[in-house]
Amino acid sequence: MAVTEKNTTEPVRAILHHHAVLRRGLEQRVGALCAAGERNSQYDQELAALQGYLADEIMPHAEAEERTLYAAAVTQARGSQLVHTLIAEHRELAGLVEQLRSGDQGATVGAVAESIATLFASHAAKENEQLLPALTSSGVDLAALLADMSKGLAGHQH
């Protein structure tokens with residue numbers, strides 16, 4: 001059964017909400033970057049905003065997930081393969097972030113930014129629809145994991 005905000009606990013609702021906030025923030029910044037590129041205007045400011053968001057929000061979130069949620073799920077029979085897939089997607093995301101940082105110009109920047117947004121949306125959906133139900137059904141203390149995750153992210157919040 002898919003986890004939704006209506007059929008679940010407060011910690012899961014908090015995770016779902018945070019994923020939605022991150023996804024929207026990423027989509028807004030990617031959209032601004034691509035719009036500037038389509039207008040043939042300078043996009044240095046939009047690129048810097050996107051790079052900052054990735055460095056300050058998205059990547060620290062990924063690291064915190066690996067340290068907490070993934071560590072709890074990897075011991076599950078059905079969670080192990082999923083965790084390996086999710087970690088591989090984090091590595092792919094990190095590679096795209098590095099590619100964006102490398103300074104390629106023009107259409108390449110827009111294409112990489114779009115790839116990042118698409119990958120993140122797909123990745124968050126897997127976490128919401130597969131990882132969270134696996135953790136919930138296993139009886140893991142999601143409130144404790146979320147608290148640990150939040151502590152690790154505290155230094156990255158603005």
Side-chain angles (χ1 to χ4, degrees), residues 1-35 46-47 49-101 109-158:
M1 174 169 80
V3 173
T4 66
E5 291 203 26
K6 293 185 185 344
N7 73 351
T8 193
T9 64
E10 185 59 34
V12 173
R13 281 191 294 275
I15 294 168
L16 294 173
H17 175 73
H18 190 64
H19 283 163
V21 168
L22 288 173
R23 190 189 75 250
R24 282 191 303 270
L26 182 58
E27 289 169 351
Q28 289 169 348
R29 286 160 181 85
V30 168
L33 174 69
C34 290
E46 291 84 359
L47 179 58
L50 174 58
Q51 290 171 327
Y53 190 72
L54 291 165
D56 295 341
E57 302 294 334
I58 299 293
M59 297 314 294
H61 176 80
E63 292 167 13
E65 285 177 334
E66 288 184 25
R67 192 182 67 254
T68 57
L69 301 178
Y70 295 8
V74 78
T75 62
Q76 313 284 320
R78 71 180 214 179
S80 180
Q81 183 56 44
L82 175 60
V83 167
H84 292 300
T85 299
L86 293 171
I87 289 172
E89 288 178 351
H90 280 176
R91 299 305 167 259
E92 182 179 354
L93 184 60
L96 288 168
V97 169
E98 184 56 38
Q99 191 176 348
L100 190 66
R101 194 176 334 174
V109 170
V112 171
E114 288 284 355
S115 294
I116 289 170
T118 301
L119 176 59
F120 184 81
S122 170
H123 179 79
K126 281 185 192 118
E127 290 176 341
N128 294 348
E129 297 166 10
Q130 297 175 36
L131 181 69
L132 291 177
L135 288 170
T136 300
S137 68
S138 73
V140 167
D141 185 353
L142 281 174
L145 291 176
L146 186 57
D148 185 37
M149 198 170 158
S150 294
K151 272 192 291 187
L153 288 171
H156 295 281
Q157 300 301 315
H158 297 281

Where do R29 and G25 come nearest, in terms of heavy atoms and distance? NH1-O, 2.9 Å

Show, in sequence, the C-alpha distance, side-chain angles and deciding distance for H61 and M149, and conclude whether the side-chain contact (heavy atoms from CB on, under 4.5 Å) test is met. CA-CA 8 Å; H61 176 80; M149 198 170 158; 3.3 Å; yes

Between L96 and Q99, is a side-chain contact (heavy atoms from CB on, under 4.5 Å) present by the stated rule, with each step listed? CA-CA 5 Å; L96 288 168; Q99 191 176 348; 3.7 Å; yes

Rounded to the nearest 0.5 angstrom, the CG-OG1 distance for L131 and T85 is 11.0 Å

Distance check, rounded to the nearest 0.5 Å: T9 atom OG1 versus L146 atom CG? 9.5 Å

Which heavy atom of E46 sits nearest to which heavy atom of L33, and what is that distance? CB-CA, 3.7 Å

With rounding to the nearest 0.5 Å, note down the distance linking CG in L142 to CG in D148. 12.5 Å

Rounded to the nearest 0.5 Å, what separation is found between the CD atom of E127 and the CG atom of L86? 5.5 Å

Taking all heavy atoms of A72 and all of T75, pick out the closest pair and write down the distance. O-OG1, 3.1 Å

Kindly give the heavy-atom pair with the smallest separation between R67 and A71, and that separation in Å. O-CB, 3.5 Å

For a 4.5 angstrom cut-off between non-hydrogen side-chain atoms, does E27 reach R23? yes

Please determine whether side-chain contact (heavy atoms from CB on, under 4.5 Å) holds for the pair Y70 and H90, giving the CA-CA distance in whole Å, both sets of side-chain angles, and the decisive distance to 0.1 Å. CA-CA 12 Å; Y70 295 8; H90 280 176; 3.2 Å; yes

Is there side-chain contact between P133 and E129, with at least one heavy-atom pair below 4.5 Å? no

Report yes if the side chains of M59 and L93 come closer than 4.5 Å at any heavy-atom pair, otherwise no. yes

Separation of Q81 CD from Q130 CD (nearest 0.5 Å): 11.0 Å

Assess the side chains of H123 and E92: does a donor N or O sit below 3.5 Å from an acceptor N or O? no

Exam field: side chain Q51 to backbone L100, donor-acceptor pair closer than 3.5 Å: yes

Would you call R13-E10 a salt bridge at under 4.0 Å N-O? yes

Go through it in stages, so that I can follow the logic: the residues are V83 and L69, the test is side-chain contact (heavy atoms from CB on, under 4.5 Å), and I'd like the CA-CA distance, side-chain angles, deciding distance and then a yes or no. CA-CA 9 Å; V83 167; L69 301 178; over 6 Å; no

When you compare the side chain of L26 with that of L50, does any pair of heavy atoms fall below 4.5 Å? yes

Distance-only criterion, 3.5 Å: show the donor-acceptor pairs between side-chain atoms of residues 110-121 and protein atoms not counting sequence neighbours.
{"unit_1": "S115", "atom_1": "OG", "unit_2": "A111", "atom_2": "O", "d": "3.0"}
{"unit_1": "T118", "atom_1": "OG1", "unit_2": "E114", "atom_2": "O", "d": "3.0"}

